[in-house]
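Shown next, in structure tokens, is the structure this report addresses.
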Protein chains: 2
Amino acid sequence: MSRPSKSRYHHGDLRAALIEIAVELIDERGVRHFSLAEASRRLGVTVSAPYSHFAGREALLAAVTVRAYELFYADVVREVDRFRKPADRLAAVARSYVRFAGTHRALFEALFDPGVDKSRYPEIDAAKRPLDDAFTSCVDALGGSEAASKNLAVAVEAAAHGHAILLVDGDFGDGAEAVEVAAERAARATLALIEGRDLLTRGRGRTRST
Amino acid sequence: MSRPSKSRYHHGDLRAALIEIAVELIDERGVRHFSLAEASRRLGVTVSAPYSHFAGREALLAAVTVRAYELFYADVVREVDRFRKPADRLAAVARSYVRFAGTHRALFEALFDPGVDKSRYPEIDAAKRPLDDAFTSCVDALGGSEAASKNLAVAVEAAAHGHAILLVDGDFGDGAEAVEVAAERAARATLALIEGRDLLTRGRGRTRST
DNA sequence: GTCTATATCCCGATAGAC
DNA sequence: GTCTATCGGGATATAGAC
């Protein structure tokens with residue numbers, strides 16, 4: 001058979017193998033400690049081999065980010081489609097958002113790694129778009145003006161993201177239980193935001209400030 | 001002579017100078033590109049000099065983080081004390097949280113740098129505590145059960161953090177205006193969460209708070 | 001106790017041979 | 001496409017000057 005040798009990726013799929021091993025390594029030591037050199041070592045190739053497939057370390061991380069968004073989106077879709085009511089669907093987005101952060105920490109970390117200049121990798125933005133659209137379409141289904149929808153979408157996204165960060169930061173403890181606690185909190189925060197959403201769009205300048 | 005040379009930091013305050021220059025460098029190139037070597041070069045000392053004051057790069061970054069929390073807390077307190085009503089005070093915490101992220105990006109970035117293992121630097125947690133307490137005391141002033149307060153505190157913190165990340169990520173645009181937009185959104189989201197807070201504490205499904 | 005000088009090792013990146 | 005060789009830079013440890 002054409003089963004490739006797992007120990008030595010000298011068979012032409014180094015690119016995919018690099019992305020795969022990068023995810024593993026990031027899981028083990030975090031993005032910051034990820035190095036092309038170690039990835040190469042694990043794959044049994046020399047340190048310069050990756051440069052045939054990626055411009056450099058950052059480009060590989062960008063590819064990892066794109067992959068992460070794809071997996072992220074798949075998770076969100078799977079979860080959202082279990083519900084029909086718009087509010088529940090939106091809460092499901094928030095829930096799966098946090099779950100993804102908890103169950104794929106390396107990938108989630110890679111998504112927001114300050115070390116990758118996203119503006120130089122437009123494919124990252126393209127990979128993110130379906131996710132944003134999922135948010136938006138759920139929010140739109142709730143009705144209300146365009147401005148109100150936008151405000152709610154931003155608030156929910158921020159809430160989901162915030163819970164995800166708190167989770168990854170350990171504020172909810174460790175393990176699978178912590179993930180569910182955080183995910184459930186995010187879902188409920190979403191429902192609370194929907195409930196109080198009129199307050200998101202009021203005043204236009206009159207909520208106090210400088 | 002006991003007169004220290006100001007230009008070379010050979011005067012015994014290298015520790016403070018390192019923290020200061022670290023903040024500058026992180027502002028210029030981001031945490032990832034910060035190096036002890038360059039900090040040393042800028043201060044006119046050799047690369048090994050910092051090791052008299054810090055165990056290594058990570059320890060210096062930890063010190064920067066502590067400093068960041070101190071400044072962060074000072075900002076929050078200043079802003080919160082301009083209000084009296086509990087809801088407004090809580091919204092002010094969220095607002096100043098986001099403002100800090102926008103106006104001190106380097107420090108904010110350092111606060112959540114995945115490269116520093118916070119569990120190995122307990123002083124970071126200690127520096128963070130006053131900030132958490134500020135959140136908590138504002139929430140408690142709103143009344144409600146202990147569990148409900150906890151739930152609201154977490155939700156507001158997550159919302160504030162989420163808006164801050166979206167801001168730093170450029171989702172609100174650039175410049176001072178973007179900062180205010182994000183800060184105001186966070187404040188309003190806080191008010192919306194207060195409004196819908198009953199939904200945060202329902203079902204008893206998996207929400208275990210401590 | 002603080003800093004210099006030095007040396008080792010790892011990593012990112014490039015050029016050229018196979 | 002991959003390897004060899006190599007350069008430059010950064011992290012870190014140690015020995016010694018003041």
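Labels below follow one simple rule: chain letters A, B, ... track the order of the sequence lines, proteins then strands, and each chain is numbered from 1.
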Ignoring hydrogens, what is the shortest heavy-atom contact between A:Val179 and A:Gly102? Give both atom names and the distance.
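Shortest heavy-atom separation between A:Val179 and A:Gly102 comes out as CG2-CA, 3.9 Å.
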Results of ring-ring contact (aromatic ring centres under 6.0 Å, His included) for [X] - residues two or more places apart only:
X: B:Phe135; answer: none
X: A:Phe100; answer: A:Phe72, A:His104
X: B:Tyr51; answer: none

Does this structure show an ion pair linking A:Glu28 with A:Arg42, if we count only N-O contacts that are shorter than 4.0 Å?
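Salt bridge flag = yes for A:Arg42 with A:Glu28.
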Are any non-hydrogen side-chain atoms of B:Lys118 and A:Asp169 less than 4.5 angstrom apart?
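Side-chain contact under 4.5 Å: yes.
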Take atom CG of B:Leu14 and atom P of C:dG1, then tell me their distance rounded to the nearest Å.
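Distance check: B:Leu14 CG to C:dG1 P gives 16 Å.
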Specify the separation, in whole Å, of atom CZ of A:Phe54 and atom C1' of C:dT14.
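Rounded to whole Å, this separation is 18 Å.
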What nitrogen or oxygen pairs link the protein and nucleotides 9-13 of chain D at under 3.5 Å?
from, atom 1, to, atom 2, distance (Å)
D:dG10, OP2, B:Arg41, NH2, 2.6
D:dA11, OP1, B:Leu36, N, 3.2
D:dA11, OP2, B:Leu36, N, 3.2
D:dA11, OP2, B:Ala37, N, 3.0
D:dT12, OP2, B:Tyr51, OH, 3.2
D:dT12, OP2, B:Arg57, N, 3.0

At how many degrees, to 10°, do the end axes of the helix from C:dG1-D:dC18 to C:dC18-D:dG1 meet when each uses five pairs?
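Axis-to-axis angle, ends of the helix: 0°.
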Have A:Thr201 and A:Asn151 got a donor and an acceptor in their side chains that come within less than 3.5 Å?
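Side-chain D/A pair, A:Thr201 to A:Asn151: present.
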Examine C:dC11: is either OP1 or OP2 under 4.0 Å from a nitrogen or oxygen in the side chain of A:His33? Give yes or no.
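False: A:His33 side-chain N/O out of range (4.0 Å or more) of C:dC11 OP1/OP2.
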Looking at B:Ser52, does any N or O in its side chain come under 4.0 Å of the phosphate oxygens OP1/OP2 on C:dT2?
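Result: no.
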Holding to side-chain contact (heavy atoms from CB on, under 4.5 Å), I want the full list of residues that pass it with A:Ala37, two or more places apart in sequence or in another chain.
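A:Ala37 satisfies side-chain contact (heavy atoms from CB on, under 4.5 Å) with A:Ser35, A:Arg41, A:Val47 once adjacent residues are dropped.
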